[in-house]
Chemist: 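Quick one: this structure, given as structure tokens, is what I'll be asking you about.
Keep in mind that what you see is a predicted model, and the values were worked out from it rather than measured. Every chain is numbered from 1, with letters handed out A, B, ... down the list of sequences.
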Amino acid sequence: MRMSKLVGRRIKETPRDATTPSHIYLIRGGYVRPVSAGIYSLLPLGKRIVSKIEAIIREEMDAIQGQEVLMPVVLPSELWEESGRFESVGDELLRFKDRNDKQMLLGMTHEEAVVQLARTELNSYKQLPAMMYQIQTKYRDEARPRAGLIRVREFTMKDAYSFHESQECLEEYYSDCHEAYVRIFNRLGFREVLSIKSDAGMMGGNVAHEFMAIADCGEDTIFVNEDGSYKANREIAKSSLAYETDSPHIELEKKYTPDLKSIEEVTSFLNAKPENSAKAVFYKSGDDVVFAVIRGDFELNEIKLKNLLGVNEIEFATDEDITAIGSVPGFASLKDITLNNVKIVMDPSARYSPNLIVGANEADYHFVNFNFERDLSKEIQDATIIADIVNARAGDPDPEFGKPLILKKGIEVGNIFQLGTKYSGAMNAIFLDQNGKSNPMIMGCYGIGVGRSMAAIVEQCHDDWGPVWPISIAPYQLQINALNLNKTGVKEVAENLYKAFLTEGIEVLYDDRNEKAGFQFKDADLIGIPYRIIVSPKTIAENQVEFKKRDGSVKEMLSISEVVTKLSTQIKEELKKA
RNA sequence: CGGGGUAUAGCGCAGUCUGGCUAGCGCGGCUGCUUUGGGAGCAGUAGGUCGCAGGUUCGAAUCCUGCUACCCCGACCA
């Protein structure tokens, strides 16, 4: 390709709206252009990258017996009514009516569509296992798109769905797919992608993993220990603290704490630390008040609490709710509450830490030296569920190896779920087993965000001048810069090299504009092509060209006669490895 | 959905508080000449519904009212 004709200009100044490196460089480098909030067009350079990402994904999906299909973006609502998601999914599902007033929607994921295919095409155990995948546009009406291509409304996603006759078969395939994902992210050139066990969320099902590209602008927090032997996301990460269970129980005492409600106020007034206190957090779940108790230095994790209670929604309780169970807002204590319509959940941090400061269930008073087993009635102790409901914290020991936890930010570039029969059951996707009996197919689903991967790779692979594309997905493999095109010989040499590399099958971007060196180099840095050669009067005087790698690892002179063979071979070898 | 911000040439911005001639600057575009190893110089030239709609005024980019779009923080998020 000749730069003089390449569509998509480079921009010298940082666009006002762009804040993260991937957003800035993808705009400045002429890869993508915004169209509306969270909706982008791909320019030629961006499209080439995306196509290469897709090609790698296809190879690996095919390698695990995936069969590519293509399902519609626009779907009738009935399908989603069958699964129940037309009701259960919120406003991120874009619903609209066609001219016949028929309710339609834009697919944000394709479980329903693929199950519709599976239930007509797959009827017998002899056809299983089977996996269908597609690379297709999805639409999610995100409340707040952000960070360029990281969180968008319209995006391309590879989504795959597998069908099995048994849980064992699903688990085996799931593990194959996990391995395929590891290969994909390696081949795409990511520096660091962690696979993390995750909460299944709205997809339903049991086992799930998220593939997190580590990056400062990531929206998700990941907890890992120093050597990576423990890793978990915020929803499931735990820390294991040792509690001083042997400490002697000091006498319970009631203290006057006028108008002091927050942990901060109470503990500093009593000259204690937050970890010497317990705090109560009240929620309403259905008719029940949830009385959650955690140690004062922790934060409550609502997702853990919701999972524990087996509910999708909880809301904060009102003062009236709290009063109704015999407690006092701001000075709440488990002591002396009524047990009607109350669920008590206590985090181990509060349960096992001795001599805590807690509310006295009386305005303006707190207890000090509260101890669970000594100071609560048998009924209340028995009614208390002891469970992990707090956020893990940096520096706390991990629950498996006791090593300090480190927090990292990640971008979710892929995820895999063992769905089970959630969709096949609801939508009657059954098969006949060897005994002629009908069973719902057991499903798995597997996603990768294509555009998000491109952005996440920029987050991991860039310097102060622009992206440094891995060769496997670079828009071109080699760039030729010709300096002083009007000086004798430069143009001829550059043109000849351009054609020779093309003949070798190398993808070349040739800067054939008569621009100054600095101008060309800055542009080249923004385009981030891994191999670069520079032809100028100086170099051709020695029958040479300069060869540079974008990552700065190589800078050397090569003779014009050998450069084509040498670099073509090298590029092909590198591509083979990826 | 809550909080904050922005909207003036393709891009980045000034001008708005305190209304006043023909709305400016830098980059980019086009023409010509010079220049040529890290975003060149000179000269010329094109490019604007000042986000939209009302209102106040002799006069509105500027003041008032309503609306829209986009960005940031949070909530939410297969």
Chemist: Just how far, in rounded Å, is P of C30(B) from CZ of R513(A)?
Modeler: 11 Å

Chemist: Map R9(A) and P145(A) onto RNA chain B by nearest heavy atom, then report which one ends up closer to the 5' terminus.
Modeler: R9(A)

Chemist: Under a 3.5 Å cut-off for both contacts, is C76(B) paired Watson-Crick or G-U wobble with anything, and if yes, with which nucleotide?
Modeler: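 When the pairing criteria are applied, nothing turns out to pair with C76(B), so the answer is none.
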
Chemist: In terms of side-chain geometry, is the basic nitrogen of E219(A) or R146(A) positioned less than 4.0 Å from the acidic oxygen of its partner?
Modeler: yes

Chemist: Taking for each residue the nucleotide of RNA chain B bearing the nearest heavy atom, is the 5' side occupied by K548(A) or by S36(A)?
Modeler: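 Counting from the 5' end, the first nearest nucleotide belongs to K548(A).
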
Chemist: In whole Å, what separates the C1' atom of G51(B) from that of U68(B)?
Modeler: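 Pairwise C1' distance, G51(B) against U68(B), rounds to 8 Å.
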
Chemist: Check this for me: does any side-chain nitrogen of one of D297(A) and R393(A) sit under 4.0 Å from a carboxylate oxygen of the other?
Modeler: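 Looking at R393(A) together with D297(A), the answer is yes, because their closest N to O distance falls below 4.0 Å.
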
Chemist: Please confirm whether any donor atom in the side chain of N481(A) sits under 3.5 Å from an acceptor in the base of G37(B), or the reverse.
Modeler: no

Chemist: Rounded to the nearest Å, what distance is computed from the CD atom of residue E219(A) to the P atom of nucleotide C72(B)?
Modeler: 11 Å

Chemist: What integer distance in Å separates D523(A):CG from G28(B):P?
Modeler: 12 Å

Chemist: Can we say E13(A) and R28(A) salt-bridge, meaning some charged N sits less than 4.0 Å from an Asp/Glu carboxylate O?
Modeler: no

Chemist: Rounded to whole angstroms, how far apart are NZ on K538(A) and P on G37(B)?
Modeler: 7 Å

Chemist: With the criterion being N/O to N/O and under 3.5 Å, what pairs connect the protein with nucleotides 3-9 of chain B, and how long is each?
Modeler:
residue	atom	partner	partner atom	Å
U6(B)	O2'	R16(A)	NH1	2.4

Chemist: Should the pair R85(A)-E112(A) be classified as a salt bridge under the 4.0 Å nitrogen-to-oxygen rule?
Modeler: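 Here R85(A) pairs with E112(A) in a salt bridge, since their nearest N and O are under 4.0 Å apart.
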
Chemist: Round to a whole Å and report the spacing from NZ of K522(A) to P of G37(B).
Modeler: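 Taking NZ of K522(A) and P of G37(B), I get 15 Å after rounding.
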
Chemist: Both distances below 3.5 Å, Watson-Crick or wobble geometry, any strand: find the nucleotide opposite A69(B).
Modeler: U6(B)

Chemist: Rounding to the closest angstrom, what is the interatomic distance between G19(B) and A60(B) at atom P?
Modeler: 14 Å

Chemist: Please state how far atom CD in E546(A) lies from atom P in G37(B), giving the value in whole angstrom units.
Modeler: 13 Å

Chemist: Looking at the base of G39(B), is there any donor atom on it, or on the side chain of Q520(A), that sits under 3.5 Å from an acceptor on the other one?
Modeler: no

Chemist: Would you mind checking if E54(A) and K158(A) are paired as a salt bridge, meaning a charged N to carboxylate O distance below 4.0 Å?
Modeler: no

Chemist: Polar-atom pairs under 3.5 Å, protein N or O versus N or O of nucleotides 43-48 of chain B: list them with distances, or write none.
Modeler:
none

Chemist: Salt bridge or not for D523(A) and R10(A), using N-O below 4.0 Å?
Modeler: yes

